[in-house]
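On a predicted model such as this, the values are computed, not experimentally measured, just so you know.
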Amino acid sequence: MKDAVIEGLRSRILSLERHAPRRGVWASATSEGGSERAPRESCWRLGCPAVDALLPRGLETNALHEIKGAPSTKEGASAADWMAGIGFAGRLAVRRIKALAGAGTAAGGRPWVLWCWPRSLAVELGSPSAAGFHRLGLDPARLIIVETARASEALNAIEESIKAQSLGIVIGVIEEADLTPARRLSLAAGEAGTPCLLVTHPASEPAAATATRWCAERRGSAPHVFDPRAPAATRFSIALERCRARPESTV
């Protein structure tokens, strides 16, 4: 009986969220009558049929998504583990920007992307590289980087950036997000219609209130087209550990 009630409430909440009014960058994809056009190319998808089959509506654009690198040890994680999560977040952001560009929803041209993290992580992992972002497919000229003195200030900056409704996507890199800040970010994303990718410590506890949670594990690069011994395209092994829309479907 209890399970049936919970499942009924979950279905009701999902129905309300799907029909909630969208604002921000996504709002320009609606018709004059307020109904969403949602052209096929505007859907936020990964481009991998096996994963997209689990997300028939695509990734939720008015939601919080958590990404973790796979920890290499039980005690903690290396910088390379962090980079797997950060790299996958970058690729998801690229897919989001391309979807917006294809739908013609970005006012004034290409959408802006915000990257926010505390100074402690910047010191530990190193400053962002424009060449690295470009290699991932993100245009450094459309990237806003925010570095805060404290982790709590980073969470506040991420929340306020989402609420601004002028960004294509917000990427936050933090050690972890407790229940209250995670819920605040989820609510802000839902109200503004701006998606947030939260990259957290590979060994930390999962954040609450997320639409999806992904685990990215680093793999050897693809073979180089001219020299099989040389590194080529970056590769990840991706696991979908949580999906709010389809809780039974994870790979």
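- Between Thr210 and Arg242, the side chains place a donor N or O and an acceptor N or O closer than 3.5 Å (distance only, hydrogens not considered).
- In this structure the side chain of Leu125 reaches within 4.5 angstrom of the side chain of Met83, judged on heavy atoms.
- Among the candidates Trp44, Trp214, Phe88, the single residue satisfying the ring-ring contact (aromatic ring centres under 6.0 Å, His included) test with His65 is Trp44.
- A donor-acceptor pair under 3.5 Å is formed between the side chain of Arg45 and the backbone N or O of Leu55.
- Although no hydrogens or angles enter the test, the distance criterion places no donor-acceptor pair under 3.5 Å between the side chain of Arg119 and the main chain of Glu147.
- At distances below 3.5 Å, at least one donor-acceptor pair connects side-chain atoms of Asp52 with backbone N or O atoms of Gly47.
- In terms of heavy atoms, Ile174 sits closest to Pro118 at CG2-CD, 4.2 Å.
- Each of Pro140, Pro128, Ser127 was compared with Ile145 under the side-chain contact (heavy atoms from CB on, under 4.5 Å) criterion, and only Pro128 meets it.
- Residue Glu66 comes nearest to Thr200 through the heavy atom pair OE2-OG1, 2.7 Å, listed as atom of the first residue, atom of the second, then distance.
- In this structure, Trp82 and Leu121 have side chains that are in contact, with non-hydrogen atoms separated by less than 4.5 Å.
- Between Glu60 and Arg244, some side-chain heavy-atom pair lies under the 4.5 Å cut-off.
- Side chains of Lys68 and Ser204: a donor-acceptor N/O pair is present below 3.5 angstrom, by distance only.
- For Asp81 (side chain) and Ser78 (main-chain N/O), a donor-acceptor pair under 3.5 Å exists by modelled atom type.
- Between Leu54 and Leu240 the shortest side-chain heavy-atom distance falls below 4.5 Å.
- When side chains are defined from C-beta on, Ile67 does not count as touching Thr212, because their heavy atoms never get closer than 4.5 Å.
- For the side chain to side chain donor-acceptor pair (under 3.5 Å) condition, the pairs that include at least one residue of residues 167-189, sequence neighbours left out, are Glu159-Arg184.
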Check the pair Val173, Leu198 against side chain to side chain contact (heavy atoms under 4.5 Å, CB included), reporting the backbone distance first and the verdict last. CA-CA 6 Å; Val173 183; Leu198 201 63; over 6 Å; no
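- Side-chain contact between Leu92 and Leu59 is present, with at least one heavy-atom pair separated by less than 4.5 Å.
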Decide side chain to side chain contact (heavy atoms under 4.5 Å, CB included) for Ile169 and Thr61; before the verdict, give the C-alpha distance in whole Å, the side-chain angles of both, and the deciding distance to 0.1 Å. CA-CA 9 Å; Ile169 191 168; Thr61 56; over 6 Å; no
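- More than 12 heavy atoms of other residues, nucleotides or ligands shown are found within 6.0 angstrom of NE2 on His224.
- Ile162 is not connected to Leu187 by any chain of hydrophobic side-chain contacts under 4.5 Å among Ile, Leu, Val, Met, Phe, Trp and Tyr, and they are in different clusters.
- Within the 4.5 Å cutoff, the side chain of Leu167 has no heavy atoms near those of the Pro111 side chain.
- Residues Leu136 and Gly87 share a closest heavy-atom pair of CD2-O, 3.9 Å.
- Nearest heavy atom pair, residue Ala89 against residue Leu197, reads O-CD1, 3.4 Å.
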Does the pair Ile86 and Trp115 meet the rule for a side chain to side chain contact (heavy atoms under 4.5 Å, CB included), with working shown? CA-CA 11 Å; Ile86 290 173; Trp115 168 289; 3.4 Å; yes
Let me see the working for Cys116 and Val170 under side chain to side chain contact (heavy atoms under 4.5 Å, CB included), right down to the final yes or no. CA-CA 8 Å; Cys116 182; Val170 174; 5.7 Å; no
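- Under a 4.5 Å side-chain heavy-atom cut-off, the cluster of Ile, Leu, Val, Met, Phe, Trp and Tyr residues that includes Val225 is completed by Phe226.
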